[in-house]
Amino acid sequence: MKYLAIILGLLLIVSCGDDKQKAKKVSRKAEVKEIIVPVFNVDSAFSYVKKQVAFGPRVPGTNAHTACATYFVDFFENLNLKVYQQKFKARSFDGKILKGNNIIAAINPEATKRILLAAHWDSRPFADHDADKENHYTPIDGANDGASGVGVLMEIARQMSIEKPNIGVDIILFDLEDYGQHASIDPNVNSEETWCLGSQHWAKNPHIAGYDAQFGILLDMVGAEGATFGYEYYSNKYAPGVIQKVWRSAASIGYGDIFTKTDGGGVLDDHVFINKYAYIPTIDIIHHSPSSTSGFFEHWHTVEDGIDKISKKSLQAVGETVMEVAYKE
Ligand code: AHN
Ligand code: ZN
């Protein structure tokens with residue numbers, strides 16, 4: 001009887017200890033769940049936009065294009081990320097054989113749960129929407145159309161190289177997005193596939209065989225003054241859940257006035273080909289301006305798309321929102 005009491009007493013102590021252990025484990029889990037999202041440094045992002053523009057128009061076949069590709073590769077390698085260069089050839093609408101280079105930087109390359117973040121890095125060879133006809137064959141700086149999205153992703157890559165997110169992230173810089181058919185040619189004649197040659201190539205031949213990601217976010221023209229982002233048609237058609245996730249995140253950190261719950265028009269952009277050929281639900285965060293004739297920002301495909309028009313506020317809203325999504329995934 002005495003022994004039984006001792007045994008019971010011991011059991012009680014052991015089981016109490018057990019409960020404490022459990023409680024500890026639960027609270028530790030709760031601690032882990034509280035994720036701190038690193039601060040997106042907008043001055044840094046802006047400097048990356050400026051640096052790209054300083055190369056001159058990154059038009060395929062030019063020295064500026066080659067030099068800028070080297071700059072990206074060095075940048076990501078210096079962050080100790082795994083870098084891929086996907087060199088390929090594609091035929092342009094005017095029959096030129098263009099040399100393209102999609103550049104991919106992987107964060108947590110071994111992680112099976114991954115997301116992709118993308119932007120195009122080439123700039124348009126023609127300012128075919130310029131008010132002055134003389135400029136219709138002049139290459140553009142593409143500070144907003146190209147460099148802005150890349151600058152934001154470079155800063156995200158830098159933050160992620162310091163403080164790794166829980167998931168794998170692939171930053172994909174697509175080439176040959178903006179060599180689409182010149183505006184002087186009837187757009188009803190076979191123009192769609194002349195855009196986004198780099199993403200078309202990648203989506204059909206990913207840099208890793210059998211590549212997959214949970215979802216993708218494309219950034220395009222994210223740096224204009226007063227930019228707002230609506231629900232782009234193809235994004236909402238192929239990836240409505242991703243739209244909801246991103247717009248909710250934006251609102252939660254105070255950017256509900258920039259990520260508006262409005263119709264964002266339909267844009268044939270890199271994300272369409274990722275959805276169509278790689279089957280990865282991907283959205284486009286793209287500046288939609290219902291009041292302009294093009295539907296895009298005021299200086300779209302003009303010689304005015306320069307660094308002087310880039311707004312840090314717009315870069316910041318997009319950078320912070322994408323970081324919020326990626327780190328909380
Ligand atoms: C078309 O104009 C068909 N698509 C626009 C895609 C684009 C051009 N994004 C940036 N520049
Ligand atoms: Zn463009």
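This one's a predicted model, so the numbers in the text were calculated from it and none came from an experiment. Order of appearance sets the numbers: ligands from 1, and atoms from 1 within every ligand.
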When W121 is tested against each of Y48, F75, F72 for ring pair (Phe, Tyr, Trp, His ring centres under 6.0 Å), which residue passes?
F72
In terms of residue, atom name and distance, what is the protein heavy atom nearest to atom 8 (C) of ligand 1?
D178 OD1, 3.2 Å
Ligand 1 atoms in contact with W300 (distance to a heavy atom under 4.0 Å):
11 (N)
Answer with side chain, backbone, both or neither: which part of R124 has a heavy atom less than 4.0 angstrom from an atom of ligand 1?
neither
Using a 4.0 Å heavy-atom cut-off, say whether I286 meets ligand 1 through its side chain, its backbone, both or neither.
neither
For V267, is at least one N or O under 3.5 Å away from an N or O on ligand 1?
no
Closest approach of any protein heavy atom to atom 4 (N) of ligand 1, naming residue and atom
L268 O, 3.1 Å
Nearest protein heavy-atom contact for atom 1 (C) of ligand 1: which residue, which atom, what distance?
W195 CE2, 4.0 Å
Any carboxylate oxygen within less than 4.0 angstrom of a Lys/Arg side-chain nitrogen, looking at K309 and E304?
yes
Measure the distance from atom 9 (N) of ligand 1 to every protein heavy atom, then report the residue, atom name and distance (to 0.1 Å) of the closest one.
D220 OD2, 2.8 Å
Using a 6.0 Å distance limit plus a 45 degree cone around the ring axis, check whether K51 lies over the aromatic ring of Y71.
yes
Looking only at distances, can you tell me whether any N or O atom of H120, backbone or side chain, sits closer than 3.5 Å to an N or O atom of ligand 1?
no
Let me check your reading of the structure: within less than 2.8 Å of the Zn ion (ligand 2), is there an N/O/S atom from D145?
yes
Can you tell me, to 10 degrees, how wide the angle at the Zn ion (ligand 2) is between NE2 on H301 and OD2 on D178?
120°
I'd like to know if E177 contacts ligand 1, where contact means a heavy-atom distance under 4.0 Å to any ligand atom.
yes
Numbered atoms of ligand 1 (with element) below 4.0 Å of M221, judged on heavy atoms:
9 (N), 10 (C), 11 (N)
D145 heavy atoms, cut-off 4.0 Å: which ligand 1 atoms fall inside?
10 (C), 11 (N)
Pair I140-T302, side-chain contact (heavy atoms from CB on, under 4.5 Å): steps then yes or no
CA-CA 7 Å; I140 67 167; T302 75; over 6 Å; no
Relative to each other, are the rings of W300 and F296 parallel, tilted or perpendicular (30° and 60° limits)?
tilted
Basic-acidic side-chain contact under 4.0 Å: R124, D145
no
D263 and H288: side chain donor to acceptor below 3.5 Å:
no
Angle class for the F229/F259 ring planes (parallel below 30°, perpendicular above 60°, tilted otherwise)?
tilted
Angle between ring planes, F93 versus Y179, binned at 30° and 60°: parallel, tilted or perpendicular?
tilted
Identify the heavy atoms of S123 and V59 that sit nearest to each other, and give their distance.
O-CG2, 3.6 Å
Report yes or no: does E192 have a heavy atom closer than 4.0 Å to ligand 1?
no
